[in-house]
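Below is one structure, written out as structure tokens, with a few remarks after it.
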Amino acid sequence: MRHRNRFSHGNVELNMAAMLDMAFQLLAFFILTFTPSPIEGQFALKLPPPVAQTQPETLTPASNDAEAMLDLQAIHLTLLANPEGRLSAVLLEDQPLFEGDWTPQHATLLNNQLKEIFQTPDSPFHQIQIISDKTLHYGDMMKVVEVVSRQKLANGKPLREIGFSERNTR
Amino acid sequence: MPIQRHAHGSEMNLEPNLTPLLDLVFQLITFFMLVINFKGASLDLSLKLPVLGSARPIEWKKGTEPIVINLRSDGTAQVYGEPIDPAEFFAAMARQVSTAKNPDQEAESRPVILRADERVPFSRINELMTLSREHGFENFALSAMAPSTQTAPRNRATSDRTIPAAREPGGSP
């Protein structure tokens, strides 16, 4: 109490200049290291084991080959590229789905076809195998991956098993 | 700014009041501290990622540290700005994982994020995915840029209603 009384009439002032110097240094550090990060998204996949390119119609569910069985449970989507590496055609189970440049109508068509396959009750399919030309650009491949990753299985779970393989060119 | 007058005898002491300035600087520091992103060092911002409407950031499980691989248009792979040989890199990562208490769980908790330039050919992408799978890293993510006209929260809120694929393996469904 005596202590407080001794200073009660004094004028105590903090020296702000030193603190301000430090604060400015911190500010300079944060400004210099600041890099606005872009809004980036990802498409999560669970990579299934590799499946050999086979002719599905020649296989039967009674086959003992585990690889062949996996193959039977996968939908095959083939992506063809033009000489510039752009997407030129998409085949669903070796049947041409569309040709030409990628358009929103093509995306809708692919989406509807896949939805029909995967959301059919008792559908045996639970994965997609994307077979692509070697030269296809990542940007064009991702347009197809975007549609594929929207699909849900018959049990309501999202389709995550998406396999990739290179197309054998003869 | 008020001028404080201190009379010490006949002298007048003029001092600017620094408190508001300090308040402002601290607010700026707080802002920059909140928005600082140390993970940005793993991203190669020179890459031109494809722009896709439904690309959304994935919320990984707590404690998950993804492996980010940048793939430039000339085909070179980089991790934290350093060029790597993918085969050697995945072999080293697999060795590191194998020393963990539960290697399978550890491999599962280390997703691989591939950030590739949109002009990279599929053969190079496939090579990385094959290596990743062979070394036990089955959780893979392909990066794309969200359209710049949409802000992240609005994008998430609207797209959850329109697009059924909510790709958040670690987050709540």
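Numbered from 1 within each chain, the chains take letters A, B, ... in sequence-line order. In what follows, every heavy atom counts, from backbone to side chain, and hydrogens, waters and symmetry copies are set aside.
Both the backbone and the side chain of Leu21(B) have a heavy atom closer than 4.5 Å to some heavy atom of chain A. When heavy atoms are compared at a cutoff of 4.5 Å, Leu28(B) approaches chain A by way of both its backbone and its side chain. Contacts of Ile125(B) with chain A are made by side-chain atoms alone, with heavy-atom separations under 4.5 Å and no backbone atom involved. Residue Ser132(A) touches chain B through both its backbone and its side chain, counting heavy-atom pairs closer than 4.5 Å. Of the two parts of Phe26(B), only the side chain, counted from C-beta on, holds a non-hydrogen atom closer than 4.5 Å to a non-hydrogen atom of chain A. For a residue to count as touching a neighbouring chain, one of its non-hydrogen atoms must lie under 4.5 Å from one of that chain's; by this rule Met141(A) touches chain B with the side chain only.
Ring-plane geometry between Phe32(B) and Phe34(A) is classed as perpendicular, the angle between the planes exceeding 60 degrees on a 0 to 90 degree scale with a lower cut at 30.
Both Leu153(A) and Leu110(A) belong to a single network of hydrophobic side chains, linked directly or stepwise wherever heavy atoms of I, L, V, M, F, W or Y lie under 4.5 Å apart. Residue Phe125(A) is grouped with residue Leu47(A) when hydrophobic side chains (ILVMFWY) are merged at heavy-atom distances under 4.5 angstrom, including chains of intermediate members. Put simply, Phe89(B) and Leu71(B) are part of the same group of oily side chains (I, L, V, M, F, W, Y) that touch within less than 4.5 Å, one to the next. Transitive grouping of hydrophobic side chains (ILVMFWY, heavy atoms separated by less than 4.5 Å) brings Leu114(B) and Tyr80(B) into a common cluster.
Put simply, the side chain of Tyr138(A) does not reach to within 4.5 Å of the side chain of Pro121(B), judged on heavy atoms. Residues Arg115(B) and Glu40(A) are in side-chain contact: their nearest non-hydrogen atoms beyond the backbone lie under 4.5 Å apart. Phe30(A) places a side-chain heavy atom less than 4.5 Å from the side chain of Met33(B). Side-chain contact between Arg119(B) and Asp140(A): absent, with no pair of heavy atoms (C-beta onward) separated by less than 4.5 Å. Side-chain contact between Phe24(A) and Val25(B) is present, with at least one heavy-atom pair separated by less than 4.5 Å. Residues Met145(B) and Ile39(A) are not in side-chain contact: their nearest non-hydrogen atoms beyond the backbone lie 4.5 Å or more apart. The shortest distance between side-chain heavy atoms of Phe164(A) and Met129(B) falls below 4.5 Å.
The distance from atom CD of Glu127(B) to atom CD of Glu166(A), rounded to the nearest 0.5 Å, is 9.0 Å. Taking CG of Asn126(B) as the reference point, atom CD1 of Ile131(A) lies at 11.0 Å (rounded to 0.5 Å). A distance of 12.0 Å separates CZ in Arg133(B) from NZ in Lys46(A), rounded to the nearest 0.5 Å.
Nearest heavy atoms, Ser165(A) versus Phe122(B): O-CE2, 3.5 Å. Listed here is the closest heavy atom pair of Leu18(B) and Ala17(A): CD1-N, 3.8 Å. Residues Ala23(A) and Leu22(B) come closest through the heavy atom pair CB-CD1, 4.1 Å.
The backbone N or O of His137(A) sits nowhere less than 3.5 Å from a side-chain atom of Glu118(B) that would complete a donor-acceptor pair. With Gln42(A) contributing its side chain and Ile113(B) its backbone, the two residues share no donor-acceptor pair below 3.5 Å.
Crowding of Glu134(B) atom CD: a count of heavy atoms from other residues, nucleotides or ligands under 6.0 Å exceeding 12. Residue Glu99(A) qualifies as open at atom CD: its count of foreign heavy atoms under 6.0 Å is 12 or below. The environment of CG in Asp85(B) is crowded: more than 12 heavy-atom neighbours from other residues, nucleotides or ligands sit within 6.0 Å.
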Inset, instruction - Begin from the C-alpha positions of Phe43(A) and Ser54(B) and carry the test side-chain contact (heavy atoms from CB on, under 4.5 Å) through to its verdict. - result: CA-CA 9 Å; Phe43(A) 294 90; Ser54(B) 58; 3.7 Å; yes

Legend entry - Pair Asn139(B)-Arg160(A), side-chain contact (heavy atoms from CB on, under 4.5 Å): steps then yes or no: CA-CA 10 Å; Asn139(B) 286 331; Arg160(A) 283 200 66 204; 3.7 Å; yes

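Per-residue heavy-atom pair counts under 4.5 Å with chain A were compared for Pro50(B), Ala141(B), Ser123(B), and the maximum is reached by Ser123(B).
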